[in-house]
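Structure record follows, encoded as structure tokens.
We use all heavy atoms of the structure for the numbers below, so side chains are in, but hydrogens, waters and symmetry mates are not. We name chains A, B, ... by the order of the sequence lines, and we start the count at 1 in each one.
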There are 2 protein chains.
Amino acid sequence: MKKKISLRVIRRISFYYEALLKLNLPENTYISSRKLEEVTGVSCNQVRQDFFYLGISIGKQKKGYLVKKLFKELKKILSIDHSSKVIIIGAGRIGQALSNYKLFKDRNIMVTALFDIKKELVGTEIGKPGQKKPILHIDGLETYLMENPDIKIALLTVPEEAAQETLDKLIGHGIRGVVNFAPKILKVPKEARDIQLINDCIGTSLYKIVYQLYSKK
Amino acid sequence: MKKKISLRVIRRISFYYEALLKLNLPENTYISSRKLEEVTGVSCNQVRQDFFYLGISIGKQKKGYLVKKLFKELKKILSIDHSSKVIIIGAGRIGQALSNYKLFKDRNIMVTALFDIKKELVGTEIGKPGQKKPILHIDGLETYLMENPDIKIALLTVPEEAAQETLDKLIGHGIRGVVNFAPKILKVPKEARDIQLINDCIGTSLYKIVYQLYSKK
DNA sequence: CATAATATTGTTTAAGTTAAAATTAATAGT
DNA sequence: ACTATTAATTTTAACTTAAACAATATTATG
């Protein structure tokens, strides 16, 4: 019987994990909840409660958490003790930006290929030498997924008109988790089971800022 | 005494608003909470409660909400009855993608310029004919903001190393709202007052998917 | 035309979730 | 041994969502 962890908590855990990575502390040193507050913006109370809730009670009074242990625990929770391969559908600006996102490496996430329909893109490669990824035609998607059955995740950066049908196709071909970046709320077909979908358009944060700024009084 | 509206609610209001835009219904027709559930994914209960909470009691039993009225109310809440000008700092892939984000127009948001330091970018323009935006050198930022004092919002898409110092500079020059897309939690300097900041890295959603997919059982 | 059935809102209530605060206990340093 | 710091835990409060239901307008039916 596993405890349910909400996506909010997961987001904070991500912060802790990335903070640890960036601080690059020696493994046998300690980090306190205060310090974590300083670098992540999450209050030290929240940090401790998260750890408590997650069963990470490895802290030492007056010192904090042993970096080595904490790393291990966080990795376990984030399910990054194994690697994940992902593909990107849509090789436009956002797709390309995602394909070069360097923090994915720290999370054991590998982008293996991009897909598009534009002639001038298909057949080219993208990325720095040594980590180049091919841009393939989307017609080859099914074959590609059959040859790479360990790919279960796709990032969807196609125009909104094509988004829903592409999602349906992806699910049909065995993809189980999708992040949709198109400005449209997509739906998982009712008959599909155990599919994870997040709609995450890059514009929405700006809307929030506009609201916060101009709604005052 | 204005009621506080959380960002969650604002996000849903955005959904409703954009759904209305996309459905493009005649102004004198009605839309029900059920229909809104269908297109936005927000439950009809939630829709009604949002409207109730926000004081939008314009529904008609058995019909729904008059499109024209609903539009007006949503616009008022989202503070898009006036226009907002924004600049983009960093003219890389994400910056460029944002500058072309077509839904901003529907929200009365205008990107007026991008800033960067790369020689090959500075001096060029970006965007479709008729809505081209210049890429300026970041050294001209202060002057630009002095000449355009109505610009209060910036989108920050610079590399993470430069993110915090750029934020500080922006605030120093009068910017009041920032969305940071770099994979780093930025902080508003303590002495700054009434600054709105959202950290919204495009990678985090993928982390959540990885977690949801691989943490099962 | 009257009446019943139905769909839909407005509102309230309850449940669930999340975050903050307070308390207790342990430990290191002096 | 004393003090200050920090984690672990509990409690409390705040926020968010879901559910329930009465009220009412529209449509259907005899």
Phosphate OP1/OP2 of C:dT9 contacted by B:S33 side-chain N/O (<4.0 Å)
yes
Phosphate contact (C:dT9 OP1 or OP2) by B:S57 side-chain N/O below 4.0 Å:
no
Judged by nearest nucleotide, the residue sitting upstream toward the 5' end of DNA chain C, A:Q46 or A:Q61, is A:Q46
Nucleotide C:dT8, atom C1' - distance to CD1 of B:I31 in whole Å:
14 Å
Do any side-chain nitrogens or oxygens of B:K60 fall under 4.0 Å of OP1 or OP2 in D:dT26?
yes
Identify the heavy atoms of A:R176 and A:D194 that sit nearest to each other, and give their distance.
NE-O, 3.5 Å
Distance from B:K85 atom NZ to B:I153 atom CD1, nearest 0.5 Å?
12.5 Å
Separation of D:dA7 atom P from A:K35 atom NZ, nearest Å, is 13 Å
Side chain of A:N45 only, heavy atoms from C-beta on: which candidate in C:dA22, D:dT26, D:dA4 is closest?
C:dA22
When we call it a touch if two heavy atoms are under 4.0 Å apart, what does B:I58 touch: a base, just sugar-phosphate, or nothing?
sugar-phosphate
Looking across every strand, which nucleic acid part, if any, lies under 4.0 Å from B:F51 by heavy atom: base, sugar-phosphate, or nothing?
nothing
Among C:dT8, D:dT10, C:dT12, the one nearest any side-chain atom of B:Q49 is C:dT12
Out of C:dA19, D:dT10, C:dA21, which has the shortest distance to the side chain of A:R12?
C:dA19
Can you check whether B:R48 has a side-chain N or O nearer than 4.0 Å to OP1 or OP2 of C:dT9?
yes
Kindly determine whether B:K184 and A:E18 satisfy salt bridge (Lys or Arg N to Asp or Glu O under 4.0 Å), including the steps that lead there.
CA-CA 9 Å; B:K184 184 179 180 187; A:E18 275 163 15; over 6 Å; no
So does B:S6 get a side-chain nitrogen or oxygen closer than 4.0 Å to the phosphate oxygens (OP1/OP2) of D:dC15?
no
Check the phosphate of D:dT26 against B:Y30, side-chain N and O only, distance under 4.0 Å to OP1 or OP2. Yes or no?
no
Gap separating the OG1 atom of A:T29 from the CG atom of A:L66, nearest 0.5 angstrom:
7.5 Å
